[in-house]
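So the structure is just underneath, and the comments pick up after that.
Heavy atoms only: backbone and side chains are in, while hydrogens, waters and symmetry mates are out.
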Amino acid sequence: MSDTTTRGRGRLSPERTQEVYDSVVALLVEHGYESLTMDAVAHAASISKATLYRQWGGKQTLVVDALEATRPYDEVATIDTGSLRTDLHEWVRVSLAAPLTDVGLVHAIIHACTGNPELAAAMRERMNLPEDPFNRLFAKAAERGEIEPDAPAIPYVQLVLAGPYILREFIEEQPPDEEYLIGLVESVVVPALGIS
């Protein structure tokens with residue numbers, strides 16, 4: 001294993017960093033958080049363990065960083081179709097392409113956070129930023145006059161849309177797909193937000 005990293009965060013190239021994150025996510029799904037080791041990540045990503053520790057300090061930071069990197073920030077932040085309904089349809093398509101909505105990964109994260117309060121706190125802090133781009137869709141819609149800026153349903157929409165990633169495969173033995181999620185948007189989210 002070899003790399004050209006020197007001491008300090010941010011020395012790995014973006015491509016190399018993404019390779020490490022991809023390895024972390026794959027190992028998390030396959031083995032779970034408790035069994036994921038820095039040795040395993042180093043082997044999977046063909047990088048030295050010393051470099052991993054220099055860059056991330058430890059497993060928890062590495063895992064949280066990797067999971068944050070799987071969020072479709074850039075794609076969601078640029079969604080602006082001109083209406084909230086079609087913005088939500090586009091959000092469905094973007095979210096289905098993101099690793100963080102993989103059913104196996106979602107279950108691995110929930111299991112890990114249930115048994116590790118410190119990890120759960122770190123995940124909540126990192127994943128629920130006030131500037132979460134999901135909320136920008138609602139801000140844009142309010143600016144266009146499609147919804148009220150304080151519509152009562154807004155705080156619940158993200159959890160409603162996240163539900164199928166966690167429960168549908170367990171209950172119905174199939175993962176969420178575009179047709180199912182668009183149906184959820186049209187039958188539940190759109191009416192709840194008062195979109196005509």
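With rounding to the nearest 0.5 Å, the separation of CZ in Arg168 from CG in Asp177 is 5.5 Å. Rounding to the nearest 0.5 Å gives a distance of 14.0 Å between CD of Glu143 and CZ of Phe138. For the atom pair CG (Leu12) and CZ (Arg54), the distance works out to 9.0 Å, reported to the nearest 0.5 Å. Rounding to the nearest 0.5 Å gives a distance of 10.0 Å between OG of Ser23 and CD of Gln18. A distance of 9.5 Å separates CE of Met123 from CD1 of Ile110, quoted to the nearest 0.5 Å. Taken to the nearest 0.5 Å, the CG atom of Leu84 stands 6.5 Å off from the CZ atom of Arg144.
Between Ile154 and Ile147 there is a side-chain heavy-atom pair separated by less than 4.5 Å. Arg136 places none of its side-chain heavy atoms less than 4.5 Å from the side chain of Asp80. In this structure the side chain of Asp65 never reaches within 4.5 angstrom of the side chain of Thr17, judged on heavy atoms. Leu36 is not listed as a side-chain neighbour of His31, based on a closest heavy-atom distance of 4.5 Å or more. Ile47 is listed as a side-chain neighbour of Arg16, based on a closest heavy-atom distance under 4.5 Å. Within the 4.5 Å cutoff, the side chain of Ile109 has heavy atoms near those of the Leu28 side chain. At a threshold of 4.5 Å between non-hydrogen side-chain atoms, the residues Val185 and Trp91 do not count as touching. Residues Val24 and Leu67 are not in side-chain contact: their nearest non-hydrogen atoms beyond the backbone lie 4.5 Å or more apart.
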Subject >> side chain to side chain contact (heavy atoms under 4.5 Å, CB included) evaluation trace for Met38 with Leu62 >> reply: CA-CA 9 Å; Met38 297 295 266; Leu62 175 56; 3.8 Å; yes

Subject >> Pair Lys59-Val41, side chain to side chain contact (heavy atoms under 4.5 Å, CB included): steps then yes or no >> reply: CA-CA 9 Å; Lys59 181 172 79 168; Val41 174; over 6 Å; no

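For CD of Gln174, the number of neighbouring non-hydrogen atoms (other residues, nucleotides, ligands) closer than 6.0 Å is greater than 12. Summarising the local packing, CD of Glu186 is surrounded by more than 12 heavy atoms from other residues, nucleotides or ligands at distances under 6.0 Å.
The shortest heavy-atom contact between Pro164 and Leu184 is CG-CD2, 3.8 Å. Here the closest non-hydrogen pair linking Ala112 and Leu119 is CB-CD2, 3.7 Å.
Salt-bridge check for Arg93 with Glu90: passed, with a basic side-chain N closer than 4.0 Å to an acidic carboxylate O.
Residue pairs meeting the salt bridge (Lys or Arg N to Asp or Glu O under 4.0 Å) criterion with at least one partner in residues 150-166, sequence neighbours excluded, do not occur; the list is empty.
Tyr53 and Val64 fall within the same hydrophobic cluster, where Ile, Leu, Val, Met, Phe, Trp and Tyr residues are linked whenever their side-chain heavy atoms come under 4.5 Å apart, directly or through other members.
Of the listed residues (Thr81, Val157, Asp87), just one forms a side chain to side chain contact (heavy atoms under 4.5 Å, CB included) with Leu137, and that residue is Asp87.
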